[in-house]
Amino acid sequence: MKAYQQGWTLRRRVAALLGVVVVLLLGLAGAEAAVAAQNRQNIDTVLLRAGPLRVQAQELMSALLDQETAVRGYAVNGDRGDLKPYREGVQREQALAASIRGLSADYPDVRRALDVVERETAQWRTQVAEPVIATVGRDGPAAGQALITDETRQQFDGIRTSVDRLQDEIFTVRQVAADRVNSTSNLLVVLLIIAALVVTTAGVVMLLSLDRILLRPLAALVGQVREVADGDYRHHIEGSGPPEFRRLAEDVDQMRTKIARELDEVREARERIEWVNSQLQKQAEELTRSNRDLEQFAYVASHDLQEPLRKVASFCQLLQRRYAGQLDERADQYISFAVDGAQRMQRLINDLLAFSRIGRMTTGFTEVDLNKVMGDVAGQTEAALQYADAELTWDEMPTIRGEEPLLTNLLANLVSNSVKFRRPGVPPKVHVSARLVDGEWEISCRDNGIGIEPEFADKIFVIFQRLHSKDAYPGTGIGLAIVKKIVEYHGGRVWVDTDVDEGTVIRFTLPALEADISAAQAAATAPEAEAGEQAEATEGDPADAGRQPDGEAPEEPPAEADRHGTNGGMKETVG
């Protein structure tokens, strides 16, 4: 007993108790399953066998009465139609007898009673019914009536008595099955009560055991740990109860010792951290110098590469102007290829240089009015817009913090792409809009061009990734990569909206100013009356017609912008 109290672990004690409870419950469950199976079998006997047997015995008696009545009627009238119930009654009798015989396979007394009924019924048909039918058909109704006597009536009454005995046997079977159902049901209830008592007893024992072997030792251990937590790191922790608690107390005491030892090492660690910080500062300065050298290298490399390219392009263009038409057609084609390749290499070097400078050569973030930026973009892309007979419109744009040259480059790239990837025979329409979503400005550039398949929506922002050949749509494949880098440099994200029916919609986000966020929140929480007054004021002020109540500008496709004639007071139409 002492070994049990001191040597057994908590897991072993709980497992032993649960094992006993599980064994008892499994035994009770097995007994309940066996009793339930018997109960179900007895209920099936009452409902599916005894019940139908009683009903079919009554129907059997009804079929016999139909036969007797039909024979008596035929003997009186001599009408052959009166024999139809007799024939139908014979068929019903045979079918019911077969069914009763099948249902009473396990009840020999019922089968014997059924045999008596079938034998007496066959004798009655042979001795009474068939002779009466033959006599009436041969000698007339009077001769048939003479055969129906008190003796024949008594013979049929005997059949009734046999059917009653059959029903008594069936009732006996049903009563026995019903008694068995009651007994098995009571036994099931007793077993369930025993299972409930077992569970209740196990729960009480479990609670008492947990209080003695778990809660009390745990409370003592918690008290000692709190003393250490209050600052007494020299207090030795001792455990009691199951072996797990004693081992836990030893582990906690070891942790206390380790903490006390490590506190002495904190001072040394602080000194090491200060030394590491100084090293990191030196590395940061070295990284700054490395970036400056890398930028200088990129600048020098780009100029050193462009100088021979300009020479190649210049001399190739001289060859093209001076000897065009003097050589064969293939020579002219080769010269054209050389000129085009040199020019594309120059554009590629310039774009790579611009891509590498994003985020490295910075003028600092300032408040930038995107309306002014859109005006600059319209001026930069004016030649392309005129050439393509394109229309550029934009809504009232917000003011954000960023670098104006980079944002101008960003929007100019998007507008140029929209104009370049236009549909043949359709004048391009480009519309730029902005709305405030979750503390960010979501800016959209929508066009009516050739569109982008959803599976290529992420690939177009990869540098040098092209979806068309350079002959179909010229370019270096860096424009949208520059767009993505500028957006991410400003703390936003960019994506292609694939849920459009026509053209392309490229959206990107930029952080909003605190004033815009506060204004949007105030507008969202304003009373309905004040909102109504603001709506009336907005309707009366044409300058605010393109603004939403929360300061957002409604996004509007190019077709809608053209129909209204203006977008937020801004419209640039070329062509």
Verify whether one side chain among Arg72 and Thr69 offers a donor that lies under 3.5 Å from an acceptor in the other.
no

Please report the interatomic distance CG(Leu103) to CZ(Arg111), rounded to the nearest 0.5 Å.
10.5 Å

Would one find more than 12 heavy atoms of other residues, nucleotides or ligands at under 6.0 Å from atom CG of Asp438?
no

Between atom OG1 of Thr509 and atom CZ of Arg435, what is the distance when rounded to the nearest 0.5 Å?
11.5 Å

Return the minimal non-hydrogen interatomic distance between Leu436 and Ala512, and the atom names on each side.
CD1-CB, 3.6 Å

Does any N or O in the side chain of Thr121 come within less than 3.5 Å of the main-chain N or O of Val117, such that one atom is a donor and the other an acceptor?
yes

Taking Val198's backbone N and O only, do any of them form a donor-acceptor pair with Thr201's side chain (distance below 3.5 Å, no angle check)?
no

Audit row: Gln127, Gln155, side chain to side chain donor-acceptor pair (under 3.5 Å) steps and yes/no:
CA-CA 10 Å; Gln127 297 175 3; Gln155 186 177 3; 3.1 Å; yes

What do the steps show when you test Glu514 against Arg401 for salt bridge (charged side-chain N to carboxylate O under 4.0 Å, His left out), and what is the final call?
CA-CA 11 Å; Glu514 291 295 333; Arg401 286 192 59 81; over 6 Å; no

Taking side chain as C-beta onward, heavy atoms only, is Val173 less than 4.5 Å from Leu53?
no

My understanding is that only residues two or more places apart in sequence, or in another chain, count here; which of them pass salt bridge (Lys or Arg N to Asp or Glu O under 4.0 Å) with Glu169?
none

Between atom CZ of Arg165 and atom CD1 of Ile170, what is the distance when rounded to the nearest 0.5 Å?
13.5 Å

How far apart are the closest heavy atoms of Ala195 and Leu25, and which atoms are they?
O-CD2, 4.1 Å

One should read off an interatomic distance between Ile193 CD1 and Thr200 OG1, to the nearest 0.5 angstrom, of 11.5 Å

At what distance, to the nearest 0.5 angstrom, does CG of Leu166 lie from CG of Leu60?
7.0 Å

Which residue pairs satisfy the salt bridge (charged side-chain N to carboxylate O under 4.0 Å, His left out) criterion with at least one member in residues 119-138, sequence neighbours excluded?
Glu93-Arg125

Taking only residues two or more places apart in sequence, or in another chain, which ones meet Arg112 in a side-chain hydrogen bond (donor to acceptor under 3.5 Å, both in side chains)?
Asp109

Determine whether a donor-acceptor pair (N or O, by modelled atom type, separation under 3.5 Å) exists between the side chain of Arg493 and the backbone of Val487.
no

Under a 3.5 Å threshold, yes or no: a donor from one side chain and an acceptor from the other, between Gln58 and Gln167?
no

Only residue of Thr504, Leu414, Ile506, Val505 satisfying side chain to side chain contact (heavy atoms under 4.5 Å, CB included) with Asp447 is Thr504

Distance col, row Gln91:CD vs Arg87:CZ, nearest 0.5 angstrom, shows 9.5 Å

Can any side-chain N or O of Asn186 pair as donor or acceptor with the backbone N or O of Asn182 at less than 3.5 Å?
yes

Here the pair of heavy atoms bringing Ser104 nearest to Val110 is CB-CG1, 3.6 Å

Using side chain to side chain contact (heavy atoms under 4.5 Å, CB included), reason through Arg160 and Leu65 one step at a time and then give a plain yes or no.
CA-CA 9 Å; Arg160 293 185 180 185; Leu65 288 174; 3.2 Å; yes

Can you sort out the partners of Leu510 under side-chain contact (heavy atoms from CB on, under 4.5 Å), two or more places apart, ordered by chain and number?
Ile400, Leu407, Ile443, His490, Phe508

Residues in side-chain hydrogen bond (donor to acceptor under 3.5 Å, both in side chains) with Arg92, at least two apart?
Asp66

Ignoring hydrogens, what is the shortest heavy-atom contact between Val71 and Tyr86? Give both atom names and the distance.
CG2-CD1, 3.6 Å

For the student: nearest non-hydrogen atoms of Gly89 and Ala63, plus distance:
O-CB, 3.7 Å

Could you go step by step and tell me if Gln67 and Trp124 meet the side chain to side chain contact (heavy atoms under 4.5 Å, CB included) rule?
CA-CA 11 Å; Gln67 295 178 44; Trp124 175 78; 4.2 Å; yes

Taking all non-hydrogen atoms of both residues into account, name the closest pair between Asp395 and His431 and its distance.
OD1-CE1, 3.2 Å

Between Arg507 and Ser444, is there a side-chain donor-acceptor contact under 3.5 Å, judged purely by atom types and distance?
yes

Residue set satisfying salt bridge (Lys or Arg N to Asp or Glu O under 4.0 Å) with Arg153, at least two apart, ordered chain then number -> Asp150

